[in-house]
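Sending over a structure as structure tokens; questions will come in a sec.
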Protein chains: 2
Amino acid sequence: MDKTLEQSYGQLSILEDCTITRQILDRVGDKWSVLIIVNLGVKSLRFKELQRRSGGISQRMLTQTLRHLERDGLVWRKATPTVPLTVEYGLTALGESLLHPLQALVEWVNGNRAAIAEARTGYDSKHEPVGTE
Amino acid sequence: MDKTLEQSYGQLSILEDCTITRQILDRVGDKWSVLIIVNLGVKSLRFKELQRRSGGISQRMLTQTLRHLERDGLVWRKATPTVPLTVEYGLTALGESLLHPLQALVEWVNGNRAAIAEARTGYDSKHEPVGTE
DNA sequence: CAGAATCCGGTCTGATACTG
DNA sequence: CAGTATCAGACCGGATTCTG
């Protein structure tokens, strides 16, 4: 159907040729990365401020997520050895370029939110007999 | 930086307003969904054929992934009660429309694969002292 | 063929406590 | 402030076994 996607993604290739693709997709899919990227896309932030803006993320998860993003070159980290210690995070050029495909995806979700919710309701009414689940 | 994204995604909203966004992102991020969608995007397939094309997926995971995608209205399922039983899967219109943002993301990854690999190497050389990890 | 059910080890995550 | 370390529980995903 979509030849380009097929070519760029490959057939059985996620686990073979496309290990990195899978890894990046994992990053996109993990619980916090996208939220962090979007927040940093708005503007650079310090650790605590970033945590506040990111809803209920624990500082453990925030640290971990930031390390991953930093390692992939999507986020930079600037530590200033002031007295209580100041660290600022922001998007690299690479990270900012990721905003666009991410935006396309998020917009797709928002545009089809109703359709998905409806599909789920329909599916659930036909399945899931009566029970608690 | 990217106002549109910020608006559509919200600030702290992933866990509050945007539960569905998070759920769809989870779907994109999970190990097999994208591969399945891409494979079905090429053409409709039967269970076994789909499994063959999807590398090393177990039938447990294939079933589970398909159920999720079906519930979200992205995939249809057509069972024909023949003798050994025939089931065919394919993308719905909704599922096909998802191919585009997905493609944008995959293309971004492919286009930036080298940059990411390089960033990782650089990061790892500075960190990870010497050890086994 | 197309699954459902069960077992089970590994990973992810959050809470908590401690450090420069 | 900005983390690191540790621990326990939830969850994920694979292998195996069984059914219509």
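Numbers restart at 1 for each chain; the letters A, B, ... are given by sequence-line order, proteins then strands.
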Between C1' on dG3(D) and CD on Q51(A), what's the gap in Å once rounded to a whole number?
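My rounded result for the distance is 11 Å.
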
Can you sort out the partners of E88(A) under salt bridge (charged side-chain N to carboxylate O under 4.0 Å, His left out), two or more places apart, ordered by chain and number?
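Per chain and number, E88(A) pairs via salt bridge (charged side-chain N to carboxylate O under 4.0 Å, His left out) with no residue.
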
Which nucleotide of DNA chain C is the first, and which the last, in the 5' to 3' direction, to come under 4.0 Å of a heavy atom belonging to chain B?
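Taking any atom under 4.0 Å from a heavy atom of chain B, the span is dC1(C) to dT6(C).
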
Would you mind reporting whether L62(A) and I36(A) have side-chain heavy atoms less than 4.5 Å apart?
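Result yes, sub-4.5 Å side-chain heavy-atom pair found.
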
Specify the residues of residues 59-81 of chain A, ordered by number, for which at least one heavy atom lies under 4.0 angstrom from an atom of DNA chain C.
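The answer is Q59(A), R60(A), M61(A).
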
Between S54(A) and L50(A), which heavy-atom pair has the shortest distance, and what is it?
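Heavy atoms of S54(A) and L50(A) come nearest at OG-O, 2.7 Å.
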
Could you tell me which non-hydrogen atom of E96(B) sits nearest to which non-hydrogen atom of L91(B), and how far apart they are?
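Reported closest heavy-atom pair: CG-CB, 3.7 Å.
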
Qualifying salt bridge (charged side-chain N to carboxylate O under 4.0 Å, His left out) pairs with a residue from residues 114-123 of chain A, counting only residues at least two apart or across chains:
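Pairs touching residues 114-123 of chain A that pass the test: R120(A)-D72(B).
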
Check this for me, if you would: do R52(B) and E49(B) make a salt bridge, where the nitrogen-to-carboxylate-oxygen distance has to be below 4.0 angstrom?
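Looking at R52(B) and E49(B), the cut-off is met.
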
A115(B): partners by side chain to side chain contact (heavy atoms under 4.5 Å, CB included), with sequence neighbours left out
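A115(B) satisfies side chain to side chain contact (heavy atoms under 4.5 Å, CB included) with L94(A) once adjacent residues are dropped.
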
Atom-to-atom span, CG of L45(A) to P of dG3(D) - whole angstrom
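One finds 13 Å between P of dG3(D) and CG of L45(A), rounded.
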
For the helix from dC1(C)-dG20(D) to dG20(C)-dC1(D), figure out the bend between the end axes, five pairs an end, and round to 10 degrees.
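The end axes of the helix from dC1(C)-dG20(D) to dG20(C)-dC1(D) are about 40° apart, to the nearest 10°.
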
Can you tell if the side chain of L98(B) reaches within under 4.5 Å of the side chain of L74(B), non-hydrogen atoms only?
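SC-SC contact between L98(B) and L74(B) confirmed.
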
All N/O contacts under 3.5 Å from nucleotides 18-20 of chain D to the protein, with atom names and distances to one decimal?
none

Given atom OH of Y89(A) and atom C1' of dA2(D), what is their separation to the nearest angstrom?
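The distance from OH of Y89(A) to C1' of dA2(D) comes to 7 Å, rounded to the nearest Å.
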
In chain order, what residues pass the side-chain hydrogen bond (donor to acceptor under 3.5 Å, both in side chains) check against W108(B), with sequence neighbours excluded?
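Checked W108(B) against side-chain hydrogen bond (donor to acceptor under 3.5 Å, both in side chains); matches are S97(A).
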
Qualifying side chain to side chain donor-acceptor pair (under 3.5 Å) pairs with a residue from residues 55-70 of chain B, counting only residues at least two apart or across chains:
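Every side chain to side chain donor-acceptor pair (under 3.5 Å) pair that includes a residue of residues 55-70 of chain B, provided the two are not neighbours, is R67(B)-Y89(B).
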
Heavy-atom check, side chain of L105(B) versus side chain of L105(A), under 4.5 Å:
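Of all side-chain heavy-atom pairs linking L105(A) with L105(B), at least one is under 4.5 Å.
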
Partners of A79(B) by side chain to side chain contact (heavy atoms under 4.5 Å, CB included), sequence neighbours excluded?
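Here the qualifying residues are R77(B), V87(B).
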
Who passes side-chain hydrogen bond (donor to acceptor under 3.5 Å, both in side chains) against T82(B), sequence neighbours left out?
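Result, side-chain hydrogen bond (donor to acceptor under 3.5 Å, both in side chains) vs T82(B): T86(B).
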
